[in-house]
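Each chain gets a letter, A, B and so on, in the order the sequences are listed, and its residues count up from 1.
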Amino acid sequence: MNVIYFPMNYPEIHKKWQKYWQKNNVNKFDMNSSKPKYYTLEMFPYPSGANLHLGHFFNFAPCDTHARFKRMMGYNVFHPMGFDAFGLPAENHALSTGTHPHDNTIINMEKFRKQLDELGGMYPWEYTLTTCFPEYYTGTQWLFLQLFRHGLAYQKESTVNFCDKCKTVIANEQVIDGECERCSSEVIRRDMKQWFFKITDFAGELLDGIDGLDWPNKTKTMQQNWIGRSCGANVIFNVENSKDTIEVFTTRIDTIFGATFIVLAPENCLVKRVTTSEQEKAIDAYIKKTAKKSDIERMENHEKTGVFTGGYAINPASGKRVPIYIADYVLNNYGTGAVMGVPAHDERDHEFATKYKIEIKQVIKTDKEDACVTEFGTLINSDKYNDLSSEQAIIQITKDLEKIKSAKHSITYRLRDWSMSRQRYWGVPIPIVYCECCGIVPVPESQLPVKLPYINDFKPHGAPPLANDENFVNTTCPSCNGPAKRETETMDTFVCSSWYFLSYPSVGNVGMTGIPWDKKITEKMLPVDKYIGGAEHACMHLLYARFITRFLHKYGYINFAEPFKSLVHQGMILAPDGQKMSKSKGNTITPDKYIEQYGSDVLRMYMLFGFNYIDGGPWNDATLKSITRFIERVEKIISQISCETETDDEVQYVRASTIKNVKHDLDSFSFNTAVARCMEFLNAIHTSKNKSRESVIDLILLLAPMMPHIAEEFFELLREHNKTSIFDEKFPIPNQKFLERSDIEIVVQVNSKIKERLTIKKDATQDEVVALCKSFIGDTSPKKIIYVPNKLINFIL
RNA sequence: GCGGCUGUGGCGAAAUUGGCAGACGCGCUAGACUUAGAAUCUAGUGGGAGACCGUGGGGGUUCAAGUCCCUCCAGCCGCACCA
């Protein structure tokens, strides 16, 4: 059969198949399928301002390829898509356009969805979710209430990061170099009453859980560092002439004999207790001065300042009297907010002691031979520490010091609690009511959702905009029915995204158990098998989602502890000049014109082929042409088919190895090599005399996940059976018989230099090969022969 | 300052366990077809006239190093007084 169908109108073909898929429910997900499930997910987009940009496409198109591949491999693939609609991006965009964020979100979501369909994404839209709709955020509020009931959501007056431009508090994770993650303006410190999630309760298990994850090492390391475990000891110093004590945290208990002063953080409440009256004014002035400093000021000026309190403490090891200082280099929210100053063995303490003329006392010899102590050795036998790891040694030393009842082993984490309330409008209302009689009262689950009212004055002023809406604020207390006021702060968007992956499978199918998902479905579908998104979320979304999952697991709501078994970060597409694309630089490229001109498959193929997916790189139009050329060559081959079965052994070999390699590549997100293999296969068919239908069909099947629309069209021309989607076909299986050649080429080396390439039979013995190589080595008998079967033979003369 | 990643032709990039560096493509060169160009097809394409030399520089281990070790340089990312 000769098919003349050239040249095709690619954009037309796209529309045809998108309609076909929709009409025939090709993308519909069957929850009751008996096939093994494969849940794959890209981080969902926030439908702010503009259209989907190239970066979105680089995230979605290759992942769609992966999902389609898995489907053809026989999995019941669940690959839903939704919208992260609440939050600052959407609200800020609304503020700049004057359109209400709710209306804006609806418009943008429609735009996004249309674009996603144009892309040809295999999404089961019946499972979509949008975080700003009450049917979703009821669940977010439910989650808050469970955290509250378990004591993991709490309110606290504390110094927080406040973005003066966004007019809201932001979390530690959202402060980048002292600037707001969203708007890059300077973050100031403010004392405010705030809601926190007690993520620190999970620090240890969040850290330990990292080991078992199939995640990029880079990301794992970042989370490990962010959680920041330190093994050390808490040591109690008695305050002179007082019943008070100061507890310090140290990782260097072995240096305790050298502790010649104590430093308290300015915010440390102990400050008041150790102050002598003569010093009070100076101290007050100092504390006021340091409290004003922003993080940026602190970063710029590293010089340590401090003030003497007038008080003294007793070093529990040496019994000596040591002065107590207040200084800005000690953090209140790490460890105990107090440190022992050991100037001889700590750079920072040394700098401070030098400046304030405090005694510097060396207690550990610097040579490693005899790493323990002089003075310390009089108390305990130091030899026994030598065989221990440093962490074990610290623990052991601490135990030994317990003899003097002053030290106990302790683990401290860098991680701090998640500050999650925001003074902004566009977020989930916190389901809490303040009652004059009953105090803080959680809204009962039966009264959820606490709906976010549609208000017009949503501009941020620093105070929550919801506070101006009296209808919202004034309510009755769920417990005593008396007058009460609602909490007017809203939740950080990261709360919405910390459980959305749990929600997808149950969308529109929530069970009656009071939990916002169906337990059976969740147990069947989760965890997520493959999660894909940007690396910038390493210590934000990815950490929060792990925390929430572990919380839900701990209290029996779900039966797994980790949400994302396997994680991939896509690289970033840069502008052709190698710069980051940005509107302000005017170097952005929109995908729309390419889709209009070529259809999305060409764009997809280029994205797959032109970059390493993990690395990304600069955009380059020229490669697009090469993709068109490739697709046209495939089309031509179809019209040149001259036989049914493949008879060319060389093609058979390439065919089998291509199938094997493409399978491996699509599984491991190595899309560029997958395309390259298909090109090689095409070249092999092209070179062969006869073009067999069998081979061409395999080629089309291999390409289907990568260029779904065009592959459907080609497949329609080639198939013999009744009309069904190519995505109901099986991915080809390599024919073992052809996978290995009987003759192979091996390299002949003399003294490790390549002399010749020989074609010999496979699995030849060393003697057989040596016999063939006589001419290269002459009469000399080699000192040594290295033979790697089927690869090389090396004669050392 | 600490921690991590990356460095391969003119360009985008490949390279299971150390085993033929540069797959695949772009670009370029020559030829075919064309009045001509575009498109397409065919051949070639790391450098060097050559023995040889080539994966940021220098050193090492090894029969053999892009790959392992040490060191230096450059770029990117994360943390940043975390006691």
Side-chain angles (χ1 to χ4, degrees), chain A residues 7 176-178 216-226 228-230 232-233 248-253 255 259 263 265 295 298-299 301-304 327-331 333-342 345-349 351-352 412-416 535-536 538-539 572 606 609-612 614-615 617-630 632-633 636 661 664-665 668 670 672-683 686 745-757 782-797:
Chain A
I176 314 289
D177 292 334
N217 283 332
K218 182 187 156 191
T219 312
K220 294 210 253 183
T221 309
M222 273 172 74
Q223 276 206 6
Q224 276 157 356
N225 293 341
W226 187 261
R229 179 181 190 272
S230 288
V248 303
F249 171 72
T250 178
T251 54
R252 293 295 308 275
I253 185 73
T255 66
V263 191
D295 282 352
R298 278 164 198 250
M299 272 188 279
N301 182 10
H302 266 232
E303 206 199 325
K304 296 165 184 44
D328 57 359
Y329 78 98
V330 174
L331 305 171
N333 47 11
Y334 183 75
T336 58
V339 304
M340 61 181 205
V342 187
H345 304 292
D346 184 285
E347 251 180 65
R348 296 153 303 182
D349 295 341
E351 191 189 323
F352 190 77
T412 292
Y413 296 94
R414 210 193 75 105
L415 184 71
R416 283 167 230 163
E536 67 275 15
C539 296
M572 195 189 289
Y606 168 56
F609 181 60
F611 309 86
N612 175 315
I614 310 298
D615 297 337
W619 186 257
N620 174 11
D621 266 12
T623 312
L624 271 169
K625 260 187 262 169
S626 74
I627 295 296
T628 315
R629 188 179 301 168
F630 168 71
E632 282 174 4
R633 285 184 68 208
K636 265 187 229 170
N661 288 326
H664 174 266
D665 290 348
S668 55
S670 180
N672 52 350
T673 51
V675 178
R677 309 276 174 234
C678 291
M679 287 173 168
E680 283 176 297
F681 186 20
L682 173 68
N683 291 344
H686 179 82
E745 196 177 67
I746 79 159
V747 172
V748 181
Q749 293 181 337
V750 176
N751 289 333
S752 304
K753 302 251 172 189
I754 295 158
K755 290 294 167 198
E756 188 67 76
R757 294 176 172 88
K783 275 186 217 149
K784 197 175 174 188
I785 298 172
I786 293 113
Y787 178 56
V788 183
N790 301 325
K791 277 193 178 148
L792 65 79
I793 186 154
N794 190 1
F795 298 95
I796 311 303
L797 299 181

Participant: Output yes when at least one side-chain N/O atom of A:Asn672 is less than 4.0 Å from OP1 or OP2 of B:A14, else no.
Facilitator: yes

Participant: How long is the span from the CZ atom in A:Arg414 to the OH atom in A:Tyr334, to the nearest 0.5 Å?
Facilitator: 9.0 Å

Participant: Sticking with atom C1', work out how far B:C26 lies from B:A13, rounded to a whole angstrom.
Facilitator: 10 Å

Participant: Counting side-chain heavy atoms from C-beta on, which of B:C24, B:A83, B:G19 comes nearest to A:Val330?
Facilitator: B:A83

Participant: Please determine whether any donor N or O and acceptor N or O are separated by less than 3.5 Å between the side chain of A:Lys218 and the base of B:C5.
Facilitator: no

Participant: In Watson-Crick or G-U wobble terms, both distances under 3.5 Å, what is the partner of B:A14?
Facilitator: none

Participant: Give me the distance, rounded to whole Å, that separates B:G60 from B:U67 when you measure between the P atoms they each carry.
Facilitator: 15 Å

Participant: For B:G66 and B:C2, measure between their P atoms and round to the nearest Å.
Facilitator: 30 Å

Participant: State the pairing partner of B:C63; accept Watson-Crick or G-U wobble contacts with both distances under 3.5 Å, and report none otherwise.
Facilitator: B:G19

Participant: Determine whether a donor-acceptor pair (N or O, by modelled atom type, separation under 3.5 Å) exists between the side chain of A:Tyr606 and the backbone of A:Thr628.
Facilitator: no

Participant: When the P atoms of B:U6 and B:U16 are considered, how many whole Å apart are they?
Facilitator: 14 Å

Participant: Could you work out the separation of B:G48 and B:C41 based on their C1' atoms and round it to a whole Å?
Facilitator: 32 Å

Participant: To the nearest angstrom, how far is A:Ile627 atom CD1 from B:C24 atom C1'?
Facilitator: 10 Å

Participant: Could you measure between the two C1' atoms, the one in B:C68 and the one in B:C53, and give it in whole Å?
Facilitator: 24 Å

Participant: For the side chain of A:Thr250, counting heavy atoms from C-beta on, which of B:G4, B:C81, B:A83 is nearest?
Facilitator: B:A83

Participant: I want to check something: taking the side chain as every heavy atom from C-beta on, are A:Ser752 and A:Ile796 in contact at a cut-off of under 4.5 Å?
Facilitator: yes

Participant: Polar atoms only, N or O, under 3.5 Å: list the protein pairs with nucleotides 38-46 of chain B and their distances.
Facilitator:
residue: B:U40; atom: OP1; partner: A:Arg629; partner atom: NE; Å: 3.0
residue: B:U42; atom: OP1; partner: A:His686; partner atom: NE2; Å: 2.9

Participant: Between B:A83, B:A15, B:C24, which nucleotide has the shortest distance from any of its atoms to the side chain of A:Thr673?
Facilitator: B:A15

Participant: Closest approach to the side chain of A:Val788, judged atom by atom: which nucleotide of B:C81, B:G19, B:A23 is it?
Facilitator: B:G19

Participant: Assess the residue pair A:Met679 and A:Phe609 against the criterion (side chain to side chain contact (heavy atoms under 4.5 Å, CB included)); give the C-alpha distance rounded to whole Å, side-chain angles, the decisive distance to 0.1 Å, and a yes or no.
Facilitator: CA-CA 11 Å; A:Met679 287 173 168; A:Phe609 181 60; 3.8 Å; yes

Participant: Please determine, for the side chain of A:Thr251, which listed nucleotide (B:C20, B:G25, B:A83) has the closest atom?
Facilitator: B:A83

Participant: Which value, in whole Å, describes the distance between the C1' atoms of nucleotides B:G57 and B:G75?
Facilitator: 15 Å

Participant: Hey, does the side chain of A:Asn612 come within less than 4.0 Å of B:G12's phosphate (OP1/OP2), counting only N and O?
Facilitator: no

Participant: Just name whichever nucleotide pairs with B:A36, Watson-Crick or G-U, keeping both distances under 3.5 Å, else none.
Facilitator: none

Participant: Just the atom pairs and distances: protein N or O near nucleotides 16-18 of chain B's N or O, under 3.5 Å.
Facilitator:
residue: B:U17; atom: O4; partner: A:Lys791; partner atom: NZ; Å: 3.1

Participant: For A:Glu745 and for A:Gly617, find the nucleotide of RNA chain B with the closest heavy atom, then tell me which residue's nucleotide is more 5'.
Facilitator: A:Gly617

Participant: Where the side chain of A:Ile754 is defined as all heavy atoms beyond and including C-beta, which of B:C79, B:A21, B:A83 is the nearest nucleotide?
Facilitator: B:A21

Participant: Any side-chain N or O of A:Asn683 under 4.0 Å from OP1/OP2 of B:G25?
Facilitator: yes

Participant: How far, in whole Å, is B:C76 from B:A65 if one measures between their C1' atoms?
Facilitator: 26 Å

Participant: What is the pairing partner of B:G54, taking Watson-Crick or G-U wobble pairs with both distances under 3.5 Å in any strand?
Facilitator: none

Participant: What N/O pairs connect the protein and nucleotides 60-64 of chain B at under 3.5 Å? Give each pair on its own line.
Facilitator:
residue: B:C63; atom: O2'; partner: A:Ser752; partner atom: OG; Å: 2.2
residue: B:C63; atom: O2; partner: A:Asn794; partner atom: ND2; Å: 2.8

Participant: Pairing check on B:U29: which nucleotide meets the Watson-Crick or G-U wobble criteria with it, both distances under 3.5 Å?
Facilitator: B:A43

Participant: Give none if B:A74 has no partner; otherwise give the nucleotide forming a Watson-Crick or G-U wobble pair with it, both distances under 3.5 Å.
Facilitator: B:U6

Participant: Which listed nucleotide (B:G25, B:G3, B:C81) is nearest to the side chain of A:Phe609?
Facilitator: B:G25

Participant: In whole angstrom, give the distance that lies between atom CZ of A:Arg229 and atom C1' of B:G3.
Facilitator: 18 Å

Participant: For the residue pair A:Trp619 and A:Phe611, establish whether any side-chain heavy-atom pair is separated by less than 4.5 Å.
Facilitator: yes

Participant: Taking syn as any angle within 90 degrees of 0 and anti as the rest, which one fits B:G25?
Facilitator: anti

Participant: Rounded to whole angstroms, how far apart are CG on A:Leu624 and C1' on B:G27?
Facilitator: 16 Å

Participant: Between A:Tyr329 and B:A83, is there a contact of a side-chain N or O with OP1 or OP2 at under 4.0 Å?
Facilitator: no

Participant: Heavy atoms from C-beta onward define the side chain here; which of B:C20, B:C52, B:C24 lies closest to that of A:Lys755?
Facilitator: B:C52

Participant: In whole Å, what is the span from the CD1 atom of A:Ile793 to the P atom of B:C20?
Facilitator: 15 Å

Participant: Does the side chain of A:Asn683 pick up a donor-acceptor pair with the side chain of A:Arg633 at under 3.5 Å?
Facilitator: yes

Participant: Rounded to whole angstrom units, what separation is found between the OH atom of A:Tyr606 and the C1' atom of B:G12?
Facilitator: 7 Å

Participant: Distance-only, no hydrogens or angles: does the A:Asn751 side chain make a donor-acceptor pair with backbone N or O of A:Lys753 under 3.5 Å?
Facilitator: no

Participant: Nearest of B:C26, B:A13, B:C24 to any side-chain atom of A:Glu680?
Facilitator: B:C24

Participant: Which residue lies toward the 5' end of RNA chain B, A:Thr623 or A:Gly610, if each is placed at its nearest nucleotide?
Facilitator: A:Gly610

Participant: Separation of A:Arg677 atom CZ from B:A14 atom C1', in whole Å?
Facilitator: 8 Å

